[in-house]
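This report concerns only the one structure given below.
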Number of protein chains: 2
Amino acid sequence: MLNIRNTQFEKDGAMEEAEWLNTYEPRDYPPVGVTVDLVILTIRDKELHVLLVERGEPPFKGEWALPGGFVQPDEDLHEAAARELKEETGLRQTDLDRVYLEQLKTFGKPGRDPRPLRVFTVAYLAFAPQVPEPVAGTDAENAAWMSLAATRNMKLAFDHAAILAEGVERARNKLEYSSLATSFVGPEFTISELRNVYEVVWGEQLHPGNFHRKVMSVDGYVEETGRTTERGGERGGPRARLYRWGGATQLHPALLRPSETT
Amino acid sequence: MLNIRNTQFEKDGAMEEAEWLNTYEPRDYPPVGVTVDLVILTIRDKELHVLLVERGEPPFKGEWALPGGFVQPDEDLHEAAARELKEETGLRQTDLDRVYLEQLKTFGKPGRDPRPLRVFTVAYLAFAPQVPEPVAGTDAENAAWMSLAATRNMKLAFDHAAILAEGVERARNKLEYSSLATSFVGPEFTISELRNVYEVVWGEQLHPGNFHRKVMSVDGYVEETGRTTERGGERGGPRARLYRWGGATQLHPALLRPSETT
DNA sequence: CAGGGTTATGCTCAACATTAGAAATACTCA
DNA sequence: TGAGTATTTCTAATGTTGAGCATAACCCTG
């Protein structure tokens, strides 16, 4: 049944465990590699953007891909993802602390990486707050925030288009029952800014009055700072009150997408 | 930064891709393995059970573990999980078709497997319908359905206790928004049987009348077969109508856990 | 075979949540 | 200064949920 296990790990079932370890011969195995790839989302100019890097090395040299890299021997998966996040975004530690990072899904279809090495990738999803400057890439690689619309006309390296789609889908769902929309805005934000996150990620307009009431009614979602914006909106309107995240991670009840309710 | 990538894959950035492939030397890499492990849940005697196997080989020989095995070179992850599911449960194809299988999470902490090989495991979650007989294990391994209560007093091999906990947690959440409770019952079922799935997985009693109304009101959750059970419940009551799954995968609105609503 | 306990199904009513619309107010820009 | 816009609050209509109860069908015991 299980070729590898039967023929190699379990050559001799009666062998003692310590003794068995000595007979292990790594070179007998087909080579396998594990990487982490990151879907790092942010909102810029009222559009959802993802961080992409232009590959400086083969395979897919010159093509755009999700940032990522091999998991190091002494690293746990989440550590590896956090390290890549830090390296690739160039965010300062204080911003980095506010980034949400979760494991998304693992991809391992044979042939998804053209190298003569079976590469599995553990995809992670990250929500980054608005970053003022375009990101500085590491080394020779070029990195850029791309709008999701732009990525639809691009061919991404590997199976990264599928990974990206999976990440966006997860993000849309997460907004409903978690307070993760606050990860897309600064430490202090207005209710309108928060609403804008939902509108951009979901791609639909929300009723400002209802959204306001809803956010205020969910216990622990936001708390008042007592301050307001310095000025009204760009095209008018009063100054908005500033809020910070209230500590709740789950939303009860959830903030449902209008288009899915019907 | 990325040791493996820099020192090995990217020795020469200017090299042509075809040429580069020839210089690749698998033996330069630290050995890595990828397995799939399965959290297969079912309901027996009004309790949630998980399928465990007694390991016949080191490491952890003689201890109980989640079923699983190495991903074969030509297999995608989902295929590997489906194969293990088939091998380990001994379910017939017709039952197998009704089993729900989804990727759960990937675990890769260094040292989680004592072998001199970095083992990553992609955990899958499966919901099996009631199976009449205890499961026949493959080969020399012993396999058994264990109640969740029983597993809490056992030490499972590797980090399988954590994987199991993650799977149960996911299962609890899935019932809320999806119609997956139907994967735990037979092709035709009564509303009470369906309610029992929720009660067992969530570990709390539900209001029969409200549950009934809710299930009937969600479009596409269940559809009538026109038939009823042959007799009433064991301790009395009228015959119940039989339903089958109505095709909906998402529940709108969701069927929320009472204990989480408060 | 009568009657008590049990269950499936459906109904009601109060509490709560959501939608759509609008009002009051405070600001920007021309 | 006036037109347009945004924030915040309110209201009325509608939809959903929680808890209790009612009815009828059924099993089991005596």
Side-chain angles (χ1 to χ4, degrees), chain A residues 46 175-177 185 188-199 202 204-219 221-243 250-262, chain B residues 46 175-177 185 188-199 202 204-219 221-243 250-262:
Chain A
K46 309 226 167 192
L175 289 203
E176 291 198 352
Y177 33 95
V185 293
E188 296 195 354
F189 51 86
T190 68
I191 299 298
S192 295
E193 285 170 349
L194 194 62
R195 174 163 49 84
N196 180 246
V197 172
Y198 282 86
E199 292 180 334
W202 285 348
E204 53 191 308
Q205 297 282 114
L206 299 180
H207 179 131
N210 290 343
F211 182 84
H212 199 277
R213 173 181 47 73
K214 176 73 194 185
V215 169
M216 303 309 286
S217 76
V218 173
D219 203 58
Y221 194 178
V222 298
E223 64 185 23
E224 234 167 314
T225 63
R227 298 190 293 124
T228 68
T229 52
E230 286 295 312
R231 36 163 299 158
E234 297 195 5
R235 291 177 299 187
R239 299 176 183 185
R241 296 184 202 165
L242 285 167
Y243 295 85
Q250 303 282 326
L251 266 34
H252 283 297
L255 213 163
L256 296 174
R257 279 177 82 167
S259 63
E260 297 218 329
T261 313
T262 49
Chain B
K46 309 227 166 192
L175 290 202
E176 291 199 351
Y177 325 95
V185 293
E188 296 194 354
F189 50 86
T190 67
I191 300 299
S192 293
E193 285 171 349
L194 194 62
R195 174 163 49 82
N196 179 246
V197 171
Y198 282 86
E199 292 180 335
W202 286 347
E204 53 191 309
Q205 297 281 113
L206 299 180
H207 184 290
N210 291 343
F211 182 84
H212 200 278
R213 177 188 54 189
K214 178 72 194 186
V215 169
M216 303 309 287
S217 77
V218 173
D219 204 56
Y221 194 178
V222 298
E223 65 185 22
E224 235 167 315
T225 63
R227 298 190 295 124
T228 68
T229 51
E230 286 295 311
R231 35 163 298 159
E234 297 194 4
R235 290 177 300 188
R239 300 177 182 183
R241 296 184 202 165
L242 285 167
Y243 295 85
Q250 303 283 326
L251 267 32
H252 284 296
L255 213 162
L256 296 174
R257 276 177 86 167
S259 63
E260 297 218 329
T261 313
T262 48

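Treat the numbers as computed from the prediction; the structure is a model and nothing was measured. Proteins come first, then strands; the chains are lettered A, B, ... in the order of their sequence lines, and each starts at number 1.
Here side chain to side chain donor-acceptor pair (under 3.5 Å) pairs that include residues 230-243 of chain A, with residues two or more places apart or in two chains, number zero.
You'll find the side chain of A:Trp202 reaches within 4.5 Å of the side chain of A:Pro258, heavy atoms only. Residues B:Val218 and B:Leu255 form no side-chain contact, since every pair of their non-hydrogen atoms from C-beta on lies 4.5 Å or further apart. The shortest side-chain heavy-atom distance between B:Pro253 and B:Lys214 falls under the 4.5 Å cut-off. Between B:Tyr221 and B:Val215, some side-chain heavy-atom pair lies under the 4.5 Å cut-off.
Atom CG of B:Asn210 is separated from atom C1' of C:dC13 by 12 Å (rounded to the nearest Å). Atom NE2 of A:His212 and atom P of C:dA20 are 19 Å apart (whole Å). One can place CG of B:Leu206 at 16 Å from C1' of C:dT9, the figure rounded to the nearest angstrom. The CG atom of B:Asn196 sits 12 Å away from the P atom of C:dT7 (whole-angstrom rounding).
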>> Walk me through whether B:Ile191 and B:Met216 qualify under side chain to side chain contact (heavy atoms under 4.5 Å, CB included).
In response: CA-CA 9 Å; B:Ile191 300 299; B:Met216 303 309 287; 4.1 Å; yes
> When you look at A:Val222 and A:Phe189, which way does the side chain to side chain contact (heavy atoms under 4.5 Å, CB included) test go after all the steps?
Replying inline: CA-CA 10 Å; A:Val222 298; A:Phe189 51 86; 3.7 Å; yes
>> Between B:Arg257 and B:Glu176, does the salt bridge (charged side-chain N to carboxylate O under 4.0 Å, His left out) criterion hold? Intermediate values first, please.
In response: CA-CA 7 Å; B:Arg257 276 177 86 167; B:Glu176 291 199 351; 5.0 Å; no
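Evaluation of the ring-ring contact (aromatic ring centres under 6.0 Å, His included) rule for B:Phe211 yields B:Tyr198 as partners, not counting sequence neighbours. When the salt bridge (Lys or Arg N to Asp or Glu O under 4.0 Å) test is applied to A:Arg227, the partners found at least two apart in sequence or on another chain are A:Glu188.
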> Reading nucleotides 24-29 of chain C 5' to 3', which nucleotides get B (base under 4.0 Å from a protein heavy atom), which S (sugar-phosphate only), which -?
Replying inline: --BBSS
Below 3.5 Å between N/O atoms, which protein atoms pair up with nucleotides 14-17 of chain C? Just atom names and distances, please.
none

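A close approach under 4.0 Å does not occur between any side-chain nitrogen or oxygen of A:His207 and OP1 or OP2 of C:dA20.
Nucleotides of DNA chain D with any atom under 4.0 Å from a heavy atom of chain B span, from 5' to 3', D:dT17 to D:dC28.
Atom NE2 of residue A:His212 and atom CG of residue A:Leu206 lie 13.5 Å apart, to the nearest 0.5 angstrom.
No engagement by B:Ser217 is indicated, since no non-hydrogen atom pair under 4.0 Å with the nucleic acid exists.
Between A:Glu193 and B:Gly209, it is A:Glu193 whose nearest contact on DNA chain D lies nearer the 5' terminus.
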